[in-house]
Amino acid sequence: MDASKGKGFTEDQEALVVKSWSAMKKNSGELGLKFFLKIFEIAPSAQKLFSFLRDSKVPLEENPKLKPHAISVFVMTCESAVQLRKAGKVTVRESNLKRLGATHFKYGVVDEHFEVTKFALLETIKEAVPEMWSPAMKSAWGEAYDQLVAAIKAEMKPSA
Ligand code: HEM
């Protein structure tokens with residue numbers, strides 16, 4: 001293992017993330033919903049951040065806009081695992097990263113929300129692929145998520 005490469009993110013770690021995501025992909029809608037319900041169970045106040053939940057009369061679990069955000073978190077964390085191994089850093093296109101930073105800043109997302117979301121993400125994966133789950137898989141997803149969040153946070157400032 002060469003720690004100077006990929007901030008220590010190894011081929012094995014990338015493979016663990018990619019393998020589990022391939023197994024989960026077909027159920028991503030259902031998983032995405034479960035994932036966000038977990039976040040709101042731990043941190044009910046996080047619901048207030050989402051304009052489409054605030055202004056909506058349909059029950060939370062029926063809101064059609066919730067799944068896409070949940071799936072974005074899964075997909076982008078998985079992509080960040082691939083990038084970490086290949087490039088040693090998260091390489092979401094800069095314009096996208098700037099937009100993501102600005103959006104999350106604007107909606108008032110804070111460190112605690114990212115923490116709760118990490119916990120819920122790992123729990124969701126553990127329940128989705130129990131036969132694959134391992135401490136190594138947990139730390140691979142956790143690290144890919146942390147690095148992605150660090151890149152988003154670095155751009156969390158008002159948009160120009
Ligand atoms: C790795 C972590 C995350 C990723 C990849 C992510 C991704 C995204 C994406 C792609 C959007 C669409 C808007 C845009 O592209 O600018 C978005 C919007 C948003 N995200 Fe996230 N997000 C993450 C974490 C979080 C967390 C932890 C929260 C709060 C619990 C959150 C709350 C929001 C809100 C409130 C919006 C705006 C939704 C609206 O239109 O009302 N995000 N996010």
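Small disclaimer: the values here were computed from a predicted structure and weren't measured. Remember, it's 1-based here, ligands and their atoms both numbered in the order they're listed.
The Ser51 neighbourhood of ligand 1 comprises atoms 39 (C), 40 (O), 41 (O), with distances under 4.0 Å to a heavy atom of that residue. Atoms of ligand 1 lying under 4.0 Å from at least one heavy atom of Leu100, given by number and element, are 7 (C), 8 (C), 9 (C), 10 (C), 15 (O). Shown in contact with Leu49 at under 4.0 Å from a heavy atom are these atoms of ligand 1, numbered in order with element: 29 (C), 35 (C). Near Val109, meaning under 4.0 Å from any of its heavy atoms, are these atoms of ligand 1: 26 (C), 28 (C), 29 (C), 31 (C), 32 (C).
Here the protein heavy atom with the shortest distance to atom 38 (C) of ligand 1 is Phe52 CE2, 3.7 Å. Regarding atom 5 (C) of ligand 1, its nearest protein heavy-atom neighbour is Met76 SD, 3.6 Å. Counting only heavy atoms of the protein, atom 23 (C) of ligand 1 lies nearest to His104 NE2, 3.5 Å. Among protein heavy atoms, the minimum distance from atom 24 (C) of ligand 1 is reached at Phe114 CE2, 3.7 Å. Nearest protein neighbour of atom 32 (C) of ligand 1, counting heavy atoms only, is Phe50 CZ, 3.3 Å. Looking only at heavy atoms of the protein, atom 4 (C) of ligand 1 is closest to Val73 CG2, 3.7 Å. For atom 2 (C) of ligand 1, the closest heavy atom belonging to the protein is Tyr145 CE1, 3.9 Å.
You'll find the ring centres of Phe50 and Phe36 inside the 6.0 Å limit. The distance between the ring centers of Phe74 and Phe35 falls below 6.0 angstrom.
A donor-acceptor pair is defined here as one N or O able to donate and one able to accept, closer than 3.5 Å; such a pair exists between the side chain of Tyr145 and the backbone of Phe114. Side-chain atoms of His113 come within 3.5 Å of backbone N or O of Val110 as a donor-acceptor pair. Gln13 places a side-chain N or O within 3.5 Å of a backbone atom of Thr10 that can act as its donor or acceptor partner. A donor-acceptor distance shorter than 3.5 angstrom exists from the side chain of Lys26 to the backbone of Ala23, with no hydrogens or angles considered.
Note that atom 12 (C) of ligand 1 has no protein non-hydrogen atoms nearby, at separations under 4.0 angstrom.
Follow the hydrophobic side-chain contacts under 4.5 Å out from Val129 and you reach Leu16 in the same cluster. Under a hydrophobic-cluster definition in which Ile, Leu, Val, Met, Phe, Trp and Tyr are linked whenever side-chain heavy atoms come within less than 4.5 Å, directly or via other members, Trp133 and Met24 are assigned to the same cluster. At a threshold of 4.5 Å between side-chain heavy atoms, the hydrophobic network of Ile, Leu, Val, Met, Phe, Trp and Tyr places Ile152 and Phe119 in one connected group.
With a 4.0 Å cut-off on non-hydrogen atoms, His69 touches ligand 1 through its side chain and not its backbone. Of all the heavy atoms of Tyr107, the ones lying under 4.0 Å from any atom of ligand 1 belong exclusively to the side chain. The proximity of His113 to ligand 1, defined as any non-hydrogen pair under 4.0 Å, involves the side chain as well as the backbone.
At least one N or O atom of Thr103, backbone or side chain, sits closer than 3.5 Å to an N or O atom of ligand 1. Here's the thing with Thr117: none of its N/O atoms is less than 3.5 angstrom from an N/O atom of ligand 1. Residue Arg99 places at least one N or O, backbone or side chain, under 3.5 Å from an N or O of ligand 1.
Taking CD of Glu11 as the start and CZ of Arg85 as the end, the distance is 5.0 Å to the nearest 0.5 Å.
Glu143 has no carboxylate O lying under 4.0 Å from a charged side-chain N of Lys118, or vice versa, which leaves the two without a salt bridge.
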